[in-house]
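One structure is given here, and the rest of the page talks about it.
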There are 2 protein chains.
Amino acid sequence: MKRTGDLKLIQELNRSIILETIRKYGSISRSEIAKKNELSPTTVTSAVAELINEGYVVEGGTGTSSGGRKPILLNFSPDNHYLIGVSISYSKITIADMNLEAKINMKKVYPTNGYTGAALINYLLQLLEDFYAAQQDDRQCIGISLIIQGIVDSKKGVVHYNPVLLLEDVYLRDSVEAHFNLPTWLDNDTNAYVLAEKNFGHFQEVENLIYITIGEGVGSGVIVNNMLSRGESGGAGEFGHTSIDYHGELCSCGNKGCIENYISWPATSKKIMKEIEAGKETILTTYLTSDKLFITPSEFVEAVHTGDGLAVAINDEIAEYLSAGVVNLVHLFNPEVIILGGDVTNQNQILIDAVQQKIKDKTLKTLYQDVDITTSSLGKEFEMVGAASVLLQDKFQFKLTHDNRGLKTNL
Amino acid sequence: MKRTGDLKLIQELNRSIILETIRKYGSISRSEIAKKNELSPTTVTSAVAELINEGYVVEGGTGTSSGGRKPILLNFSPDNHYLIGVSISYSKITIADMNLEAKINMKKVYPTNGYTGAALINYLLQLLEDFYAAQQDDRQCIGISLIIQGIVDSKKGVVHYNPVLLLEDVYLRDSVEAHFNLPTWLDNDTNAYVLAEKNFGHFQEVENLIYITIGEGVGSGVIVNNMLSRGESGGAGEFGHTSIDYHGELCSCGNKGCIENYISWPATSKKIMKEIEAGKETILTTYLTSDKLFITPSEFVEAVHTGDGLAVAINDEIAEYLSAGVVNLVHLFNPEVIILGGDVTNQNQILIDAVQQKIKDKTLKTLYQDVDITTSSLGKEFEMVGAASVLLQDKFQFKLTHDNRGLKTNL
DNA sequence: TATACTTAATAATTCCATTGGAAAAAGTAA
DNA sequence: TTACTTTTTCCAATGGAATTATTAAGTATA
């Protein structure tokens, strides 16, 4: 059922706009807010009064005046509420409490201990209970946000498919919600990352944005028209399982030539080891010891920067394959920004530059001019910021849309 | 600038909901509308009064009662207003006036006469002027809607790129708008078709929908979260220029292995002629005369249905390549429906079934279960219905969105 | 220092679409 | 004929924002 129009709707919308303005512009006066949004000063005054009352906003100092009463500056107050972010990866569960700006207060990392399926869920609930119990101050908890790899239906709160952790159609959100009696969110990890870039990164104004992550697997989060594209059951953005070679190698998904098989870290790692075993001279061998028979992504990136022959060649190969996939994305989504994230691209500007360069001649000119290939604008805590973003986006970002040309009074 | 909340907003939203309900459910009483949308009867009464006054709605007869006053039935009144739809293709310009249900009243088809660039635009304006002058009744014209192939920025009203008609960065919408002083819309043709399926076809409830057209070129229109994905400059949905073969043939766009080069009608046609010239036995030769040295798509489809060896083999080849592209779409968009349209797929259920069958083993199971490959649900006038849809969608479909979980009062 | 001018914030009032309740209209059931 | 239903409309009340006026708190200048 569509929501109908009533006075409450007006108020919520305006309060949301006002709070968003304060969050975005930092120290800002009431009258400035009114001007920016074409709202009346009174509306702003009364909405701000409530926001102050609820602890979302504080008054802080006065601004400068060019002849008149000095403005009272308003600031977003992120520390009166907190939220709990949870990231579930193959090897570890990370839990943190954060303020409303996704700033971490306390973070704990636990190994998954090989738990899978129902045992993993029980383990998670236990960890969360301990963590929640340790939060003993007067801040108000606005909810819990969980992110996890795989196909996740965020609307229903279901993990449809996670073959490594052996989760299939698990109603994780409802379990947690019932257990803690706190509003709970659940989403796919790459979806969370792209929301993080959109809400807390450098790409807040970008309406069509793609985040690609290259690590154990290859995935993506896609924002179309300012909204996350989740698809029918949460499976949108499976970039790793788009094919770039019709005649390519068979993938576990049944398709041939999936990009994941060319550029994921396991694929790359395998390629490196093969070359080493074949006796190829490379600096990468120095990272191997009798205790550690593998190379890490960051070691690889380091070797690329030293100009190591093998590393540079393989890095270029990744760029080559990746750019083939990226061209398809540009032609399908016409995005403004494509962010390359994950272990392999981290600190690897050479790779990013190579992709930007390589797609140039393979892309329709108009679309190439629009797109910028770049790196993540968030730091190392992008996982927790992602989890926070899922919750905050849903709770506070309240928008009106009317197709593409804005709202008009033409009915 | 975001629209802010005021009383006008409430009214527009509710009127839009009410009109939509009447359009959708046909004969319906005021009290039924109120119940369905959880609006008060009074609100419905006053909104309906205005809608009747403006000619969008009429009262028509009474319904049955189970003990009480009989309901006065309301109906959408599509014939008090009209709109002008224009489709510009490589070979012809089609103009029609339609009612609010996209029912064509008068349609005219003109050859483009080889005009391109500015000459084409002048020719178009001349044709439109004559057509508009011939509309001499008391219906009110709500606007003009133009659709055209190529990269079109509908927000700005610009044809960015149409290499065949030699249009580059042409501000077509503003030209027409100024010339006729009528609200004007401009959009890409496949975008229009997918909107037509969404508004007037069998897929009105589908939130993630893709329309692929295979003809002179290969294009697509994509609906994500109930909204058209247009991308940054209107270039989204260039499915024809997504590659399925990293090692494939060089395409005019600079990329290799673009699907357009495998399955467009020119590509298919070339393949057929080559086989015929090589002496291959096929029923298709009977379509060739000394006057007509080519085969049409519908002749090809006919031959497929007769079981002609060559036609069947080539049809299956198309299905094979197309399914490779479709798998990528499924993995990226997780859509509920993919519609195959255009000359080559028209009446070609064999092709559609083959694609549905072929993607089965190449797609992640969860996503395969969601998707249905099917044919257009509109008749032969899909072009004009498409043009009408662009306008009507923008003018009447007014929605509230709040991320994915619906609106809540939780701020 | 006094006065005029600016700008910000708030208060009082007005405006207006929705709502809820009452009433009217138009029936059905017995 | 009477009692009950259902649909529709009328009317006053509600509660948001907008408008206008007022107060607060400054600056600029004679």
Side-chain angles (χ1 to χ4, degrees), chain A residues 2-18 21-22 25 27-53 57-74 398 400 407 409 411, chain B residues 2-19 21-22 27-53 57-74 398 400 407 409 411:
Chain A
K2 277 183 214 168
R3 176 162 184 185
T4 56
D6 56 22
L7 290 171
K8 216 68 211 157
L9 175 77
I10 299 183
Q11 198 176 34
E12 280 176 45
L13 175 59
N14 287 339
R15 280 188 53 175
S16 176
I17 290 172
I18 289 166
T21 308
I22 296 172
Y25 293 96
S27 289
I28 189 170
S29 70
R30 289 171 177 80
S31 81
E32 191 73 14
I33 296 170
K35 272 179 215 149
K36 265 200 170 28
N37 298 296
E38 287 181 18
L39 279 165
S40 74
T42 0
T43 304
V44 176
T45 292
S46 64
V48 165
E50 280 184 62
L51 289 169
I52 289 176
N53 199 37
V57 168
V58 282
E59 292 189 336
T62 52
T64 56
S65 156
S66 58
R69 176 173 175 177
K70 281 185 180 166
I72 302 166
L73 298 179
L74 301 168
F398 178 166
L400 273 170
L407 295 170
T409 322
L411 196 104
Chain B
K2 277 184 216 168
R3 176 159 184 189
T4 55
D6 56 23
L7 290 171
K8 216 69 211 158
L9 174 80
I10 299 182
Q11 199 177 31
E12 278 176 46
L13 175 60
N14 287 340
R15 282 188 51 174
S16 175
I17 290 172
I18 290 166
L19 183 58
T21 308
I22 296 172
S27 288
I28 190 171
S29 71
R30 289 172 176 80
S31 80
E32 191 73 12
I33 295 169
K35 272 179 219 152
K36 262 197 173 27
N37 298 297
E38 286 181 19
L39 281 164
S40 74
T42 337
T43 303
V44 176
T45 292
S46 65
V48 165
E50 280 183 62
L51 289 168
I52 288 176
N53 198 37
V57 168
V58 282
E59 293 189 336
T62 52
T64 56
S65 155
S66 59
R69 176 172 175 174
K70 283 185 179 167
I72 303 167
L73 297 179
L74 301 167
F398 178 167
L400 273 170
L407 294 169
T409 323
L411 194 104

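All chains are named by letter (A, B, ...) in the order of the sequence lines, taking the proteins before the strands, and each is independently numbered beginning at 1.
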Please report, rounded to the nearest Å, how far the C1' atom of D/dG16 is from the CG atom of B/D6.
10 Å
Look at A/K35 and C/dA8 and indicate whether a side-chain polar atom (N or O) is within less than 4.0 Å of OP1 or OP2.
yes
What does A/P41 touch in the nucleic acid at a heavy-atom separation under 4.0 angstrom: a base, only the sugar-phosphate, or nothing?
base
Tell me whether the side-chain N or O atoms of A/T42 pair up with the base of D/dT19 as donor and acceptor below 3.5 Å, since no angle test is needed here.
yes
Gap between atoms CG and P, on A/L9 and D/dT14 respectively (whole Å):
22 Å
Determine, step by step, whether B/L7 and A/L7 satisfy the side chain to side chain contact (heavy atoms under 4.5 Å, CB included) criterion, reporting the C-alpha distance in whole Å, the side-chain angles of both residues, the deciding distance to 0.1 Å, and the verdict.
CA-CA 8 Å; B/L7 290 171; A/L7 290 171; 3.7 Å; yes
Identify whether any heavy atom of B/T45 sits under 4.0 Å from a base atom; if not, whether one sits that close to sugar-phosphate; answer base, sugar-phosphate or nothing.
base
Which atom names give the shortest non-hydrogen contact between B/E59 and B/I52, and what distance separates them?
CG-CD1, 3.9 Å
Without decimals, in angstroms, what is the distance between B/N37 CG and C/dT18 P?
13 Å
Options D/dT9, D/dT19, D/dG16, nucleotide nearest the side-chain atoms of A/S40:
D/dT19
Is any N or O donor-acceptor pair between the side chain of B/R69 and the base of D/dT7 shorter than 3.5 Å?
yes
For B/K8, is there any backbone N or O sitting under 3.5 Å from a side-chain donor or acceptor partner on B/D6?
yes
So which one's nearest nucleotide on DNA chain C is more toward 5', B/Q11 or A/I72?
A/I72
Rounded to the nearest angstrom, tell me the gap between atom CD1 in B/I33 and atom P in D/dT7.
12 Å
Presence of B/R30 side-chain N/O under 4.0 Å of D/dT9 phosphate oxygens OP1/OP2:
yes
Tell me: CD of B/E32 to P of D/dT5, nearest whole Å?
19 Å
Under 3.5 Å donor-acceptor, B/S16 side chain and B/E12 backbone
no
Given atom CD of A/E50 and atom P of D/dG16, what is their separation to the nearest angstrom?
8 Å
Where at least one partner belongs to residues 40-50 of chain B, residue pairs that pass salt bridge (charged side-chain N to carboxylate O under 4.0 Å, His left out), sequence neighbours excluded:
B/R15-B/E50
Electrostatic pair B/R3-A/E38, nearest N-O below 4.0 angstrom
no
When we call it a touch if two heavy atoms are under 4.0 Å apart, what does B/T43 touch: a base, just sugar-phosphate, or nothing?
base
Given atom CD of A/E38 and atom C1' of D/dA17, what is their separation to the nearest angstrom?
14 Å
Rounded to whole Å, please give me the gap between CG in B/L39 and P in C/dG20.
11 Å
Looking only at side-chain atoms of B/S31, point me to the closest of D/dA17, C/dT18, D/dT8.
D/dT8
Presence of B/K8 side-chain N/O under 4.0 Å of C/dA17 phosphate oxygens OP1/OP2
yes
So B/L7, base contact, sugar-phosphate only, or nothing? Heavy-atom distance under 4.0 Å.
base
Taking for each residue the nucleotide of DNA chain D bearing the nearest heavy atom, is the 5' side occupied by A/K70 or by A/A47?
A/A47
With a cut-off of less than 4.0 Å, is there a side-chain N or O of B/N14 near OP1 or OP2 of C/dT18?
yes
